[in-house]
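Beneath this line is the structure, given in structure tokens, with notes to follow.
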Amino acid sequence: MATSISELHQAHAYMLKTGLFQQPFAASRLMTAAASSSIDSLSYAHTIFTQTPQPNTYMYNTLIRGYATSPTPNVALFLFLKLLCDDQDLLPDKYTYTFVLKACASLCRVKHGKQIHGCVIKNGLSWDVYICNTLLHMYAKCGCFEAARHMLDRMPNRDVVSWNAVLSVYVEMGLVDLAFDFFSEMPVKNLESWNFMLSGYANSGLLDEARRVFDEMSVKDVVSWNALITGYANSGRYNEVLELFDDMQRARVKPDNHTLVTLLSACAGIGALEQGKWVHAYMDRNGIEANGFLATALVDMYSKCGCIEKAVEVFDSASRKDVSTWNAMITGFSVHGFGEQALKVFSEMVENGFKPNDVTFVSLLSACSRAGLLFESHEIFDNMFSIYGIKPKIEHYGCLVDLLGRFGLLKEAEELVEKMPQKDVLIIWESLLSACRNHGNVELAEHIAGKLLELNPQDNAGYVQLSNIHASKGRWSDVVDIRRKMREKLVSKKPGGSVIEVNGVVHEFLAGEGMI
DNA sequence: ACGTTGACCT
């Protein structure tokens with residue numbers, strides 16, 4: 001089996017030279033290899049398809065399946081139409097329908113799905129449980145739960161997958177209550193059914209319910225453990241994540257890459273360096289390579305735990321990086337205050353042919369902001385859209401406003417905020433307001449605080465900052481006035497907190513709390 | 001020769 005595009009090219013060239021390519025079976029094999037290899041070679045498979053004089057249904061199926069699970073499932077629909085119209089002597093078979101229906105589901109195109117359902121009935125394929133299950137999933141995915149239910153109730157040969165196909169959509173949409181009603185009603189359940197229900201609760205942050213389902217399960221696999229652990233991790237309950245991982249090991253369930261990624265992000269979240277190192281050592285012991293997701297998670301963990309050197313080490317030795325891996329490294333340098341290094345990694349990233357995304361630019365701009373790289377930040381902000389086609393979002397404006405504010409370029413910052421899309425500008429005004437405070441610019445501060453309170457009278461930052469500015473200028477009566485307004489609206493400041501790891505134990509303390 | 005339902009990183 002070919003694993004790289006160059007191997008595919010070699011095979012293709014050989015087949016053209018020997019005339020093997022003219023044989024439909026051989027051509028199909030090559031195309032299948034291209035469409036299903038892990039590398040992004042779907043377009044290459046499409047090229048082979050186009051060059052084949054008389055593609056058969058199998059080749060159509062292979063390509064439709066490839067596109068159905070790609071980011072552009074509409075091409076699968078197009079190919080299905082081409083099969084119906086262009087090739088009169090070819091007909092879709094039962095496989096074609098499962099693939100094209102999958103495309104309808106991911107596109108939420110219920111109209112097309114219904115038409116294809118009609119074809120299925122016309123061609124006498126209504127008995128096929130695979131097709132019916134895909135239809136069920138399609139109707140549910142498009143929000144047509146009544147249609148799905150109607151079909152499910154009338155299906156003579158429904159099985160556990162039929163029920164799961166609908167349940168999975170309830171869960172995916174976060175409709176946990178409906179999911180649970182449906183789940184309770186299911187006459188047959190398998191491990192997947194339980195895992196769906198469990199991850200439904202876990203993803204909605206309903207950890208007690210998730211836990212209850214988990215404890216009720218007679219059989220659990222690594223997916224079950226991962227679902228629960230991920231739920232705790234997403235709720236920021238990192239200490240419990242580490243406890244659950246201990247339980248998992250005691251239950252002798254072997255962690256997989258997903259487990260380790262979640263574990264590392266938990267370590268990163270609480271700065272648990274020792275546990276993070278343990279995960280890294282575990283990977284080494286078990287021959288698990290630090291690539292892709294795991295490399296990203298390790299880089300992130302080491303840099304959040306303060307070990308930028310270790311982060312660099314992992315990054316440099318990762319043979320397979322993706323955009324997120326690069327982003328994690330840039331963020332790492334950024335938060336450690338190494339602005340120039342962050343920019344250097346960015347140019348390497350581009351040189352290596354990676355396409356930066358909006359996260360990349362948040363990291364870059366905040367690197368500039370922290371390191372005070374004013375000139376560079378303007379250049380990056382401008383290139384972001386003109387070269388890379390990424391529209392600046394609130395975060396990007398925020399970084400720039402922050403930087404301008406730090407340099408005391410308050411007028412410029414204000415002009416930038418005025419140019420922003422109106423939605424969500426509150427936080428940016430807050431950032432600028434604190435810059436005004438640092439530079440003692442009372443006039444602009446009052447102007448901004450006024451805007452802020454007008455936009456959101458509940459906003460505590462506006463009150464707090466404005467009162468601080470008055471306080472710094474000795475305007476005590478204004479301070480008292482604002483504090484009284486705050487009490488009236490019951491606005492209060494949430495206490496700040498921090499975490500630190502000492503000897504492998506993570507401690508949390510709140511601002512104003514004693515150390516001992 | 002092909003098919004239905006699964007959780008993870010910035």
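All values derive from a computational prediction rather than experimental measurement. To find a chain, count down the sequence lines: A is the first, B the second, and so on, and within it residues start at 1.
- Minimum atom distance to the side chain of A/Y58 is reached by B/dA1, of the listed B/dT10, B/dA1, B/dT5.
- Here A/I131 lies in heavy-atom contact (under 4.0 Å) with a base.
- In the set B/dG3, B/dA7, B/dC9, the nucleotide with an atom closest to the side chain of A/V261 is B/dC9.
- Side-chain contact between A/C267 and A/L273 is absent, with no heavy atoms from C-beta onward closer than 4.5 Å.
- Checking B/dA1, B/dT4, B/dG3 against every side-chain atom of A/V161, the shortest atom distance belongs to B/dT4.
- Put simply, A/K102 has a side-chain N or O that comes within less than 4.0 Å of OP1 or OP2 on B/dT4.
- As rounded to whole Å, 16 Å separates atom P of B/dT10 from atom NE2 of A/H396.
- The nucleotide whose nearest atom lies closest to any side-chain atom of A/A165 is, among B/dA1, B/dT5, B/dC8, B/dT5.
- Among the heavy atoms of the strands, none lies under 4.0 Å from A/N190.
- Within the 4.0 angstrom heavy-atom criterion, no nucleotide atom of any strand lies near A/S199.
- At a threshold of 4.0 angstrom between heavy atoms, the contacts of A/D300 are confined to the sugar-phosphate backbone, with no base atom among them.
- Candidate nucleotides B/dC8, B/dG6, B/dT10 were compared by shortest atom distance to the side chain of A/E192, and B/dG6 ranks first.
- Shortest non-hydrogen contact noted between A/Y397 and A/P392 is CE1-O, 3.8 Å.
- In this structure, A/N226 atom CG and B/dA7 atom P are separated by 11 Å, rounded to whole Å.
- When rounded to the nearest whole Å, the span between CZ of A/F315 and P of B/dC9 equals 19 Å.
- Taking only side-chain atoms of A/F196, from C-beta outward, the nucleotide of B/dT4, B/dC2, B/dT5 with the closest atom is B/dT5.
- As a whole-Å value, the separation of A/L263 CG from B/dC9 P is 13 Å.
- Rounded to an integer number of Å, the gap from CD1 of A/I64 to C1' of B/dC2 is 12 Å.
- With A/F385 as the aromatic partner, A/K391 does not meet the cation-pi criteria of under 6.0 angstrom to the ring centre and within 45 degrees of the ring axis.
- The CG-P distance, from A/L91 to B/dC2, rounds to 21 Å in whole Å.
- Under 3.5 Å, the side chain of A/D221 and the base of B/dG6 form at least one donor-acceptor pair of N or O atoms.
- Between B/dT4, B/dG3, B/dC9, one nucleotide has an atom nearer to the side chain of A/K94 than all others, and that is B/dG3.
- Judged by distance alone, with hydrogens and angles left aside, A/N133 brings no side-chain donor or acceptor close enough to the base of B/dG3 to form a pair under 3.5 Å.
- Among B/dT4, B/dT10, B/dC8, the nucleotide with an atom closest to any side-chain atom of A/T230 is B/dC8.
- Across all strands shown, A/Y97 has no heavy atoms under 4.0 Å from either base or sugar-phosphate atoms.
- Within 4.0 Å (heavy atoms only), A/D159 reaches no atom of the nucleic acid at all.
- For A/T262, the side-chain atoms get nearest to B/dC8 when compared with the rest of B/dC8, B/dT4, B/dT5.
- Atom C1' of nucleotide B/dT10 and atom CG of A/N234 are separated by 14 Å, given to the nearest angstrom.
- Aromatic stacking of A/F293 on B/dC9: not satisfied for centres closer than 5.5 Å together with planes under 30 degrees.
- Atom-to-atom, CG of A/N357 to C1' of B/dC9 comes out at 12 Å; the value is rounded to the nearest Å.
- Taking CG of A/L135 as the start and CD1 of A/I121 as the end, the distance is 8.5 Å to the nearest 0.5 Å.
- Each of B/dC9, B/dG3, B/dT5 was ranked by its minimum atom distance to the side chain of A/S168; first place goes to B/dT5.
- Among the heavy atoms of the strands, none lies under 4.0 Å from A/D322.
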Could you give me the CA-CA distance, side-chain angles and deciding distance for A/H396 and A/F381, then say whether ring-ring contact (aromatic ring centres under 6.0 Å, His included) is met? CA-CA 8 Å; A/H396 306 102; A/F381 193 81; 7.5 Å; no
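- Counting heavy atoms of neighbouring residues, nucleotides and ligands inside a 6.0 Å radius, atom CD of A/E348 exceeds 12 of them.
- Because its NZ or CZ atom is both nearer than 6.0 Å to the ring centre of A/F214 and within 45° of the ring axis, A/K220 counts as a cation-pi partner of that residue.
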